[in-house]
Amino acid sequence: MLLRIFFGENDRFDHQPLHEAIVLKAREARLAGATVLRGPMGFGQSSCLHTAKILRLSFDLPMIVEIVDTEEKIRAFLPTLDAMMPSGLITLEKVQVLQYGRDGLKERAGLA
């Protein structure tokens with residue numbers, strides 16, 4: 001399952017950037033992996049446009065944390081995430097996990 005978390009760059013948890021706090025908590029929970037993405041432009045519930053354009057600097061650019069693991073482990077992580085999030089959007093989607101390595105493409109689902 002893919003857990004995707006959207007929030008602003010200025011969001012914090014316990015005096016540290018929220019994206020760092022989420023990744024550290026995910027690692028502590030022994031989730032399979034997490035990636036942080038910083039968006040050059042976006043808007044959320046307030047419809048306030050955040051952009052990295054030179055003439056219109058924004059200091060609260062969109063951030064996305066993506067975490068992939070089993071549905072059971074992702075759902076078990078949601079209460080932790082809920083306690084950390086001041087606001088934002090969380091999505092869940094089922095994904096097919098493929099692993100690419102020295103021997104080529106392999107499915108972790110055991111189909112290869």
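The first residue in the sequence is number 1, and the count goes up from there. On a predicted model such as this, the values are computed, not experimentally measured, just so you know.
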Do Phe6 and Val23 land in one hydrophobic cluster if side-chain heavy atoms of ILVMFWY residues count as linked below 4.5 Å?
no
Side-chain donor-acceptor distances from residues 61-69 under 3.5 Å, at least two apart:
| residue | atom | partner | partner atom | Å |
| --- | --- | --- | --- | --- |
| Glu66 | OE2 | Arg4 | NE | 2.7 |
| Glu66 | OE2 | Arg4 | NH2 | 3.1 |
| Asp69 | OD2 | Ala32 | N | 2.6 |

Looking at Glu93, I want to see if its CD is surrounded by more than 12 non-hydrogen atoms of other residues, nucleotides or ligands under 6.0 Å.
yes
To the closest 0.5 Å, what do you measure between CG (Leu31) and CE (Met1)?
13.0 Å
Using the side chain to side chain contact (heavy atoms under 4.5 Å, CB included) criterion, which residues pair with Gln16? Sequence neighbours excluded.
Glu20, Ala21, Leu24
Tell me whether the count of non-hydrogen atoms from other residues, nucleotides or ligands lying under 6.0 Å of NZ in Lys25 goes above 12.
no
Give every donor-acceptor pair under 3.5 Å between a side-chain atom in residues 74-92 and any protein atom, sequence neighbours left out.
| residue | atom | partner | partner atom | Å |
| --- | --- | --- | --- | --- |
| Arg75 | NE | Glu71 | OE2 | 3.0 |
| Arg75 | NH2 | Glu71 | OE2 | 3.4 |

Of the non-hydrogen atoms in Ala29 and Lys73, which two are nearest, and what is the gap between them?
O-CE, 4.3 Å
